[in-house]
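Data block below; observations after.
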Number of protein chains: 2
Amino acid sequence: MTPSSTRGLKRRAAFGEGRPRGKNRAARDKLDLAELNGHVGYFLRRLQVAIFKDFIETLADFDVRPAQYSVLVLIAANPGRSQAAISKTLNIERARLARMLHELERRQWVERRSAANDGRSHSLLLTPAGQKVLAQIKRLAARHEKQAAEMIGAERRAQLLALLREFG
Amino acid sequence: MTPSSTRGLKRRAAFGEGRPRGKNRAARDKLDLAELNGHVGYFLRRLQVAIFKDFIETLADFDVRPAQYSVLVLIAANPGRSQAAISKTLNIERARLARMLHELERRQWVERRSAANDGRSHSLLLTPAGQKVLAQIKRLAARHEKQAAEMIGAERRAQLLALLREFG
DNA sequence: AGATATTGTTGTCAATGACAACATGTTCTC
DNA sequence: GAGAACATGTTGTCATTGACAACAATATCT
C-alpha cells in the first residue's frame with residue numbers, strides 16, 4: 001500500500017498522484033486530518049454525533065430525541081420542580097424548554113400544574129401514561145447504551161464516562 | 001395567591017418543602033440526573049457544546065465556526081482534493097459543504113478549479129489570502145485548545161484525546 | 001451503447017440555539 | 001408597604017444546521 005512499494009503491475013500509484021480509482025471509491029478517500037488531530041473538540045463532536053444518531057434510531061418508535069429524553073428523566077426523578085430548574089440543570093434555554101413541554105403535554109406525557117408556592121412557575125409531573133411510556137423508553141435507552149458500548153468498546157466507554165462525568 | 005398558604009409571616013419553608021430561598025437561587029437548584037448519569041452521550045454532548053462555545057468565542061474575530069475551520073485545515077493539508085473527499089472525511093453532507101464553500105469562496109479564502117481528471121469534481125485550494133488567514137486562525141485555534149485544556153484539566157484532556165482518537 | 005453511479009448544486013423542511021420582548025408574579029431595599 | 005429589581009414562562013423572530021429529494025453533467029460498469 002505504501003506509495004514507494006511498486007508492486008509490479010497494479011500500477012495504481014504509478015505517478016505522483018496516486019488517486020484511488022474505480023472500485024475502491026467509498027473507503028480509500030481518507031485525507032490528512034492535520035491539526036484536527038490535536039483538537040479534542042473535533043473527536044468529541046464526531047463521537048457525540050454518532051452516539052446521538054444511534055440513540056435517535058433506537059428510540060425511533062417513540063419519536064423521542066435526546067433532549068426530550070433528558071427532560072422526561074429529569075421530571076420523573078424530580079417531580080414537582082419548575083421549568084427553570086430543569087432548564088438550568090440541562091442547559092436548555094427557557095424558551096426552548098417551554099416549547100418542548102408543550103409538545104410533551106400534547107402527547108399527554110407531562111402535566112403542568114401551577115406551583116403552590118410561586119405563582120409564576122409550573123410544577124412538572126409525569127402523567128401516569130407518561131410514566132408508563134418512560135419505562136419503555138428507558139429500556140430502549142439502555143439498549144442504546146449497550147450498543148454504544150459495543151461501538152466504542154466497553155472499557156473505553158467506562159473510561160470516557162468516568163472522565164466526562166467529572167464536570168456536570 | 002396560594003389558597004393554602006397562611007398569609008402570616010415568612011411561611012416559606014415552614015414545612016417539609018425546604019426549597020432554596022432568596023439569595024441561593026442561581027446555584028442551588030441542581031436536580032438529580034438519575035439515569036442520565038449512565039449515558040456517555042449526555043456528558044459527551046455537554047462537554048462538546050462547552051468546547052465549541054469557547055472555540056466560537058475565541059475565533060469570533062474571524063467569524064469562523066468549527067466546521068469551517070475543519071474544512072479550511074483539510075484543504076490546506078490536502079490541496080487539490082475534491083468536495084466529495086472532504087465531505088466524506090469530515091462527515092459533512094455534500095449539500096452543506098457546497099454551500100459552505102460558496103461562503104469561503106466569497107471571502108476569497110478558497111478557490112475551486114475544475115479537476116483535470118474528472119469533469120464533475122472541483123479541486124479545492126486555499127488562495128494566498130486564505131493561507132495567510134488560516135495561519136492566524138490556527139494560532140487562535142491553538143489558544144482555544146489551551147483554554148480547553150485549562151477548562152477540563154490538561155491530563156484529562158490528554159486522556160480524552162487519546163481515547164476519542166481511536167475512532168476516525 | 002446503455003444502465004448505473006458519482007459529483008456538485010439547488011430547494012425545501014424540521015430541529016435547534018440565541019435573543020428580544022412581554023405579562024405576571026416574587027423578592028429586595030428603603 | 002411602595003417601588004425597584006429580578007425571576008418565570010411565554011411568544012416571536014432570525015440564523016445555523018442536518019436531512020433529503022431532485023437535477024444536470026460526467027464517469028464507470030457490464
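A, B, ... follow the sequence lines: proteins, then strands. Residue 1 opens every chain. Bear in mind that the values here come from a model prediction, so they are computed numbers and not experimental data.
Each end of the helix from C/dA1-D/dT30 to C/dC30-D/dG1 gets its own axis, taken as the rotation carrying the C1' atoms of four end pairs onto the next four within a five-pair window, and the two axes meet at 30° to the nearest 10 degrees.
Here the side chain of A/Arg94 is nearest to one of D/dT11, C/dA21, D/dA22, namely C/dA21. Closest to the side chain of A/Ala95, out of C/dG17, C/dT7, D/dG12, is D/dG12. With D/dG9, C/dG25, C/dT9 as the choices, the nucleotide that has an atom nearest any side-chain atom of A/Arg120 turns out to be C/dG25. Closest to the side chain of B/Arg99, out of D/dT26, D/dA19, C/dG17, is D/dA19.
Nearest heavy atom pair, residue B/Arg81 against residue B/Asn78, reads CG-O, 3.1 Å. The two atoms that bring B/Val73 and A/Leu33 nearest to each other are CG1-O, 3.8 Å, heavy atoms only.
Using a 4.0 Å cut-off between charged nitrogen and carboxylate oxygen, B/Glu103 and B/Arg99 do not count as a salt-bridge pair.
The distance from atom CD of B/Glu93 to atom P of D/dA22 is 14 Å, rounded to the nearest whole Å. For the pair B/Glu103 CD and D/dT17 C1', the computed distance is 15 Å after rounding to whole Å. The CE-P distance, from A/Met100 to C/dT16, rounds to 6 Å in whole Å. Summarising the geometry, the separation between CG on A/Asn91 and C1' on C/dA18 is reported as 14 Å, rounded to the nearest angstrom. Between the C1' atom of C/dT9 and the CG atom of B/Leu101 lies a distance of 12 Å, rounded to the nearest Å. Rounded to whole angstrom, the span from the CG atom of A/Asn117 across to the P atom of C/dT24 amounts to 21 Å. Put simply, CD1 on B/Ile92 is 11 Å from C1' on D/dT17, counting in whole angstrom units. Atom pair B/Phe52:CZ and C/dT16:C1' shows a separation of 15 Å (rounding to whole Å applied).
In this structure, B/Leu74 is a member of the same hydrophobic cluster as B/Phe62, with clusters built from ILVMFWY side-chain heavy atoms closer than 4.5 Å. Hydrophobic clustering, with ILVMFWY side chains joined whenever heavy atoms are under 4.5 angstrom apart, groups B/Leu140 together with A/Tyr42.
Using a 4.0 Å heavy-atom distance criterion, A/Gln83 is classed as a sugar-phosphate-only contact.
Of the possible polar contacts, none joining the B/Ser114 side chain to the B/His122 backbone as a donor-acceptor pair under 3.5 Å is found. Formation of a donor-acceptor pair under 3.5 Å by the A/Ser121 side chain with backbone atoms of A/Ala115 is not found in this model. B/Gln68 places no side-chain N or O within 3.5 Å of a backbone atom of B/Met100 that could act as its donor or acceptor partner.
For B/His122, a side-chain nitrogen or oxygen approaches OP1 or OP2 of C/dT9 to under 4.0 Å. Between B/Lys88 and the phosphate of C/dT7, there is a side-chain N or O to OP1/OP2 separation shorter than 4.0 Å. Between B/His102 and C/dT10, a side-chain N or O to OP1/OP2 separation shorter than 4.0 Å is present.
Each of A/Arg112, A/Lys88, A/Arg94 was evaluated against A/Gln83; a single residue qualifies, A/Arg112, per the side chain to side chain donor-acceptor pair (under 3.5 Å) test.
For a distance-only test at 3.5 Å, the side chain of A/Arg96 fails to qualify as a donor-acceptor partner of the base of C/dG17.
Partners of A/Glu93 under the salt bridge (charged side-chain N to carboxylate O under 4.0 Å, His left out) rule, at least two apart in sequence or in another chain, do not exist in this structure.
Contacts of residues 53-68 of chain A with DNA chain C (heavy atom under 4.0 Å): A/Arg65.
If A/Leu97 and A/Arg45 are placed on DNA chain D by their nearest nucleotide, the residue sitting closer to the 5' end is A/Leu97.
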